[in-house]
Amino acid sequence: MFQRLSNSWELVKASAQVLKADKELMVFPLLSFLGLVVTCVLFFVPASAFAFGGEASQAMEIVAYVALFVFYVASTFVVVFFNSALVGAALIRLDGGDPTVADGLRIARQHLGSIFAWSVLAATVGMILRAARERSGGLGRIVIGMVGLAWNLATFLVVPVLVNRGLGPIDALKESATLLKRTWGEQIAGNLGIGAVFWVIGIVYTIIAVPIVILAVGTGSMAVIGVAVALIGLGYALITLVSATLSGIYSAALYRFATEGEVAYLDRRLLENAFVAK
């Protein structure tokens, strides 16, 4: 256990070398978040007006399900597009180049067709899993949860495959699953490393932030309270951005290692131990 935690920390430090060289990579998760906000506004504001505009009917329910699916596709597309831009830029850095935000966006635009096709497939699977979970009992939800976990593992390298190969969604899924099985084995160690480390960072940050908020409230000044809450919120946003960026860099590095066996910035031994076979 302690060795895995140590490897996770070393993995974060190694991935941070790429982020240190290209801090602008954090722009992509930020753009993804802003894109999701815009998508939610575009879908749910009209949907709310439509929902309160008349009585529910079977036809309206069908329209609602179609709208929900379109929203799933749109939101998935936003996330995958900007994640593709992040991974594309990270691959340039890992290959010894010096990427810019424009380079990442250009790479993502070059694969719009593949990204959209994958978004449709991923949204379809997501809706099926969600519907199955809502209609299942306790044991059924556990099974659906395991299926969802297997799906997440099998699709972990889909974005790097799309960016590097431009394959269709089914072929990209097959290659992602093949690389996972061939390179990492069965027992996950490193995949949760970054998430675990930033979970700890989030807990520590919360422990520090709570007394600050209490002190701010104690002043009775709305201005002081507003400033304290805003600064703490910015801290959480920064933690989230760094975590999301490092996760994208990590997936790019693992893909490059899986296909070529060597990765700049990341130690070979660390990557070999990130996913340990039983």
Side-chain angles (χ1 to χ4, degrees), residues 7-32 79-112 114-115 118 152-167 171-173 175-185 188-195 197-198 240-276:
N7 285 345
S8 298
W9 177 241
E10 291 300 322
L11 179 61
V12 171
K13 291 194 298 182
S15 299
Q17 294 301 313
V18 176
L19 181 55
K20 183 179 180 180
D22 292 286
K23 298 180 181 64
E24 63 268 27
L25 293 180
M26 287 191 292
V27 169
F28 298 118
L30 177 60
L31 291 175
S32 180
V79 172
V80 175
F81 177 84
F82 288 110
N83 197 23
S84 297
L86 169 58
V87 169
L91 286 172
I92 293 176
R93 171 58 64 178
L94 292 168
D95 291 337
D98 185 14
T100 63
V101 173
D103 289 328
L105 294 175
R106 172 180 53 79
I107 292 172
R109 287 196 301 269
Q110 289 174 346
H111 301 285
L112 274 178
S114 298
I115 291 172
W118 172 251
N152 290 335
L153 293 178
T155 60
F156 187 70
L157 288 180
V158 163
V159 169
V161 170
L162 290 177
V163 168
N164 210 54
R165 299 282 305 281
L167 300 177
D171 290 334
L173 174 59
E175 181 162 342
S176 176
T178 298
L179 291 174
L180 172 68
K181 180 179 179 180
R182 186 179 71 200
T183 308
W184 302 333
I188 303 301
N191 188 32
L192 299 178
I194 291 177
V197 169
F198 278 92
T240 302
L241 284 177
V242 174
S243 175
T245 306
L246 287 176
S247 295
I249 295 171
Y250 181 46
S251 66
L254 285 174
Y255 174 77
R256 181 60 75 230
F257 175 77
T259 55
E260 298 186 4
E262 297 290 342
V263 179
Y265 292 96
L266 299 182
D267 181 68
R268 182 186 180 93
R269 177 191 58 81
L270 181 62
L271 283 172
E272 288 175 342
N273 292 336
F275 290 83
V276 182

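The analysis underlying the following values was restricted to heavy atoms, covering all of them including side chains, and did not include hydrogens, waters or symmetry mates.
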Exercise for review: Return the set of residues passing salt bridge (Lys or Arg N to Asp or Glu O under 4.0 Å) with R109 (not counting sequence neighbours), or none when no residue passes.
Suggested key: none
**Study point:** Shortest non-hydrogen contact between A89 and L25, atoms and distance
**Key:** CB-CD2, 3.5 Å
**Study point:** Between CG on residue N164 and CZ on residue R256, distance to nearest 0.5 Å
**Key:** 5.0 Å
Study note, to complete from the structure: Nearest heavy-atom contact between A252 and V87 is CB-CG1, 3.9 Å
Review point. For A154, what residues pass the side chain to side chain contact (heavy atoms under 4.5 Å, CB included) criterion, not counting sequence neighbours?
Key: L173, A177
Review point. Partners of V79 by side chain to side chain contact (heavy atoms under 4.5 Å, CB included), sequence neighbours excluded?
Key: S32, L36
Check your understanding: Can you name the residues that form a side chain to side chain contact (heavy atoms under 4.5 Å, CB included) with D98, not counting sequence neighbours?
Key -> D22, R93
Check your understanding: If you look at every heavy atom in S251 and G248, which pair is closest and at what distance?
Key -> OG-O, 2.8 Å
Review point. Does the side chain of I107 come within less than 4.5 Å of L91's, by heavy atoms?
Key: no
Check your understanding: H111 and L162: side chain to side chain contact (heavy atoms under 4.5 Å, CB included), yes or no, with the steps?
Key -> CA-CA 7 Å; H111 301 285; L162 290 177; 5.6 Å; no
Review point. Residues in salt bridge (Lys or Arg N to Asp or Glu O under 4.0 Å) with D103, at least two apart?
Key: R106
Check your understanding: Mind checking whether L31 and F81 have side chains closer than 4.5 Å, heavy atoms only?
Key -> no
Study note, to complete from the structure: S84 meets the side chain to side chain contact (heavy atoms under 4.5 Å, CB included) criterion, sequence neighbours left out, with V80, A108, I115, V159, V163
Point to revise | Sole residue of L105, L241, N83 in side chain to side chain contact (heavy atoms under 4.5 Å, CB included) with F28 | key: L105
